[in-house]
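As the structure is a computational prediction, the values presented were derived from the model and not from experiment.
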Amino acid sequence: MTAVEKIATLRQELHYHNRKYYVDNAPEISDFEFDRMMRELQDLEEAHPECADPNSPTQRVGSDRTTEFANVRHRYPMLSLSNTYSLEELGEFIDRIEREEGETEFVCELKFDGTAISLTYENGALLRAVTRGDGESGDDVTANVRTIGSVPLTLTGNYPAEFEIRGEIFMPYASFDRLNAEREAAGEQLFANPRNAAAGTLKQQQSSIVAKRGLDCTLYQIASRELPFASHWEALEAARSWGFKVSEHARICRSRSEVEEFIAYWDTARKELPYPTDGIVIKVNDFAKRRRLGFTAKSPRWAVAYKFKAEQALTRLVSVDFQVGRTGAITPVANLEPVLLAGTVVKRATLHNAEQIAALDIRIGDMVYVEKGGEIIPKITEVELSERKEGSEPLNYITECPECGTTLVRYEGEAKHYCPNQGGCRPQILGRIVHFIRRKALDIDGLGTETVELLHESGLLNNIADLYDLRAMDIAALPRLGEKSADNIMRSIENSKSVPFARVLFGLGIRFVGETTAKYLAQHFKSLDAVMSASKEQLLESEEVGDKIAEAILEYFADENNRSIIERLRAAGLQFEEEAKVLHSEVLKGKNIVISGKFLDHTRDELKEMIELHGGKNQSGVSATTDFIVAGENMGPAKLQKAEKLGVKILSESEFVALIGADAEVVVAEAKSTKEEKKEEKKQEDFVQGSLF
């Protein structure tokens, strides 16, 4: 046997034994024998570099090479599921499905508490692994995922030439406990829970570290144009046969009572599992029914996640710390005697605000019930009064900022107290800078929290405008940095000057102005000057802006220090205006138009772009001012009912395009999409839509 043949044979055998160990839980050889074969393969590959293969079993050990994650757009969006904590609401979900589709089979699966992943395979080999990210795009973590033993690098059986499979990467309790023990011994900060540990591990820059942390992966959803299955259950069984680890605890349920029995069983039995779960996912089994049921904007209408009631533990309150956020909000945090809760040791819990402290009548030394729901930091829900010591005194809420000593304020209608010293309170200064540089704002790479703190301590960075006065030589001279890091930071700061106005507005960190609100403000006012000079009444005219947001905007721009910073940002060259759109015509001038439903030849965003470029205005909802609706398939029934009541005209997609004229396809081209591409995407979507989220 030649060396090349021996390499191929060893790879095949190691892939087989890896599957028997991690997926089938039925090892056929000893760990010693497996390691011997692995060493032999490593030696052969080292002697024959021409045989390199990224999916060789030797890649399980990872690399010490530092890797930057590329951002990859998902071929199909990774939607989230709607949640419920109520059996009554779950029953309503099932009743709705059966009213629309008749008797229906549901697949019930454990909801693993980890981090979502999408794996792409081509010709039976792992091509790419991408995190959920924002649902539209995520980080390419392929090198790290290759080190996870339960993720097959090559497949067996009759699999499609290309497909995606989605699932959850999680950290078993044993791996989590070992990792935290190691971190505690090294004096490092402990992970709050296995979910955080899994997510943090997956973003490690060195895959060799990932390989040592004991991650696991379970897959639960396939997507491909070539899948010949009529149901989700068939697809899961096929995936299992190809070598994927699919949960053995999934079950087909044919009635509401069977679903509730499954939930009741696992609400207790899950506590014996070696990995974290936080609920049950209930999905329609039949793909044809899924396609008919469709999606909302954020989640499929054919699936729901039932979340288990949070577990509780009883422990003693030792002390209370008060933390300051970037907006000046004060958050009280309870320090507790360590207690085991939902598989992790809990030492801290949130107390939210002064009202909750008063309502609980919580006191230092009290025995308290701690609950861990979906929060990273657990919360205190109740005091065990029978355990209260005599002579205990009510907890007094602080009146001064614990960081800068400024007297706290409480705004009307707000539950929290705030430190108003925005320009002189360290956590607020650092928090606003970190918010400004994040990916969804100005996206300045190389400036993590630690570097921001270092620059601040060195006197180089006291507000967001100071970023544009930084010099490479000053950055390079700081500890743990250097010329290369300094050059990367300076290049990223320069690139931030071309970030669109909406993201700049979001990056300013105005209270209550999130990413979506910033987009609406930018579209409505077109420039920062217009937002700054707007009255409350004018601000309220913008979509998504209510009294609270309007007041926060006015307060922000009334601050002379904020206005000074903005002028410095203007001088630095940031984008303070929405990019002007050149109208193609005024055929829709003065028209208010609503887009509703799904379309064959254009996306909803393309249709909205066409409306604006022909002088029209997009409306989110039907009203008396709506001129007409452009309706596709599955138009919302509420909008249809309201349109009929108000007598609003409804146009089809083709009628709308005809109204605009021949110029319409030019607009589509400028939106970077062609009719042929959309038809192809539609064909793909029609097949996979019943099996994706």
Flag the pair [X] / [Y] as yes when at least one side-chain heavy-atom distance between them is below 4.5 Å, and no otherwise.
X: D361; Y: R388; answer: yes
X: T84; Y: E92; answer: no
X: V145; Y: L202; answer: yes
X: T218; Y: F170; answer: yes
X: V324; Y: Q428; answer: yes
X: L360; Y: D366; answer: no
X: I252; Y: F106; answer: no
X: R563; Y: F557; answer: yes

Would you name the heavy atoms of [X] and [Y] that are closest together and state the gap between them?
X: E403; Y: P427; answer: CG-CG, 3.4 Å
X: L81; Y: A305; answer: CD1-CB, 4.2 Å
X: E355; Y: A415; answer: OE1-CB, 4.3 Å
X: P332; Y: V320; answer: CB-CG1, 4.1 Å
X: Y418; Y: T327; answer: CD2-O, 3.5 Å
X: D216; Y: S150; answer: OD1-OG, 2.6 Å

Look at [X] together with [Y] and state whether they make a salt bridge at an N to O cut-off of under 4.0 Å.
X: R348; Y: D321; value: yes
X: E100; Y: R301; value: yes
X: D113; Y: K111; value: no
X: E457; Y: R426; value: yes
X: D95; Y: R256; value: yes
X: E515; Y: K440; value: yes
X: R410; Y: E414; value: no

Would L236 and E109 satisfy side chain to side chain contact (heavy atoms under 4.5 Å, CB included), going step by step from the backbone distance to the final call? CA-CA 11 Å; L236 289 181; E109 306 168 14; 3.8 Å; yes

### Message
What verdict does the side chain to side chain contact (heavy atoms under 4.5 Å, CB included) test give for W266 and L273, after you've listed the backbone C-alpha separation in whole Å, the side-chain angles of each residue and the deciding distance to 0.1 Å?
### Response
CA-CA 10 Å; W266 281 109; L273 292 171; 3.9 Å; yes

(request) Quick one: do R270 and L110 satisfy side chain to side chain contact (heavy atoms under 4.5 Å, CB included)? Show the steps, please. (result) CA-CA 9 Å; R270 68 190 175 98; L110 297 179; 5.7 Å; no

Could you grab the distance from atom [atom1] of [X] to atom [atom2] of [Y], nearest 0.5 Å is fine?
X: L395; Y: I362; atom1: CG; atom2: CD1; value: 7.5 Å
X: I398; Y: I330; atom1: CD1; atom2: CD1; value: 5.0 Å
X: I282; Y: I94; atom1: CD1; atom2: CD1; value: 6.5 Å
X: H249; Y: C108; atom1: NE2; atom2: SG; value: 14.0 Å
X: Y556; Y: I553; atom1: OH; atom2: CD1; value: 11.5 Å
X: Q221; Y: I165; atom1: CD; atom2: CD1; value: 9.0 Å

For Y411, is the NZ or CZ atom of R511 found under 6.0 angstrom from the centre of its six-membered ring and inside 45 degrees of the ring axis?
-> yes

Could you tell me whether the side chain of [X] and the main chain of [Y] form a donor-acceptor pair under 3.5 Å?
X: R432; Y: Q422; result: yes
X: E101; Y: I97; result: no
X: R363; Y: S392; result: yes
X: E384; Y: V368; result: no
X: H435; Y: F506; result: yes
X: R316; Y: G365; result: yes
X: H352; Y: K416; result: no
X: S542; Y: L539; result: no
X: N285; Y: W233; result: yes
X: R132; Y: M78; result: yes

Paired with Y275, the ring pair (Phe, Tyr, Trp, His ring centres under 6.0 Å) test is passed by just one of Y173, F112, F176, namely F112

Is atom NZ of K347 surrounded by more than 12 heavy atoms (other residues, nucleotides or ligands) closer than 6.0 Å? no

Just wondering, are more than 12 heavy atoms of other shown residues or ligands nearer than 6.0 Å to CZ in F512?
yes

Quiz item: Passes side chain to side chain contact (heavy atoms under 4.5 Å, CB included), R326 versus V434? Steps please.
Solution: CA-CA 9 Å; R326 72 171 174 85; V434 170; over 6 Å; no

Checking V130, V210, I117 against V141 for side chain to side chain contact (heavy atoms under 4.5 Å, CB included), the one that qualifies is I117

Tested for side chain to side chain contact (heavy atoms under 4.5 Å, CB included) against L461, the lone hit among L455, I429, L447 is L455

_Before you tell me yes or no, could you show the steps for R195 and D278 under salt bridge (Lys or Arg N to Asp or Glu O under 4.0 Å), namely the whole-Å CA-CA distance, both residues' side-chain angles and the distance that decides it to 0.1 Å?_
CA-CA 11 Å; R195 181 180 68 249; D278 61 352; 5.4 Å; no

Between S319 and N335, is a side-chain hydrogen bond (donor to acceptor under 3.5 Å, both in side chains) present by the stated rule, with each step listed? CA-CA 5 Å; S319 62; N335 297 307; 2.9 Å; yes

Name the orientation class of the two ring planes belonging to F322 and Y397 (parallel below 30°, tilted from 30 to 60°, perpendicular beyond 60°). perpendicular

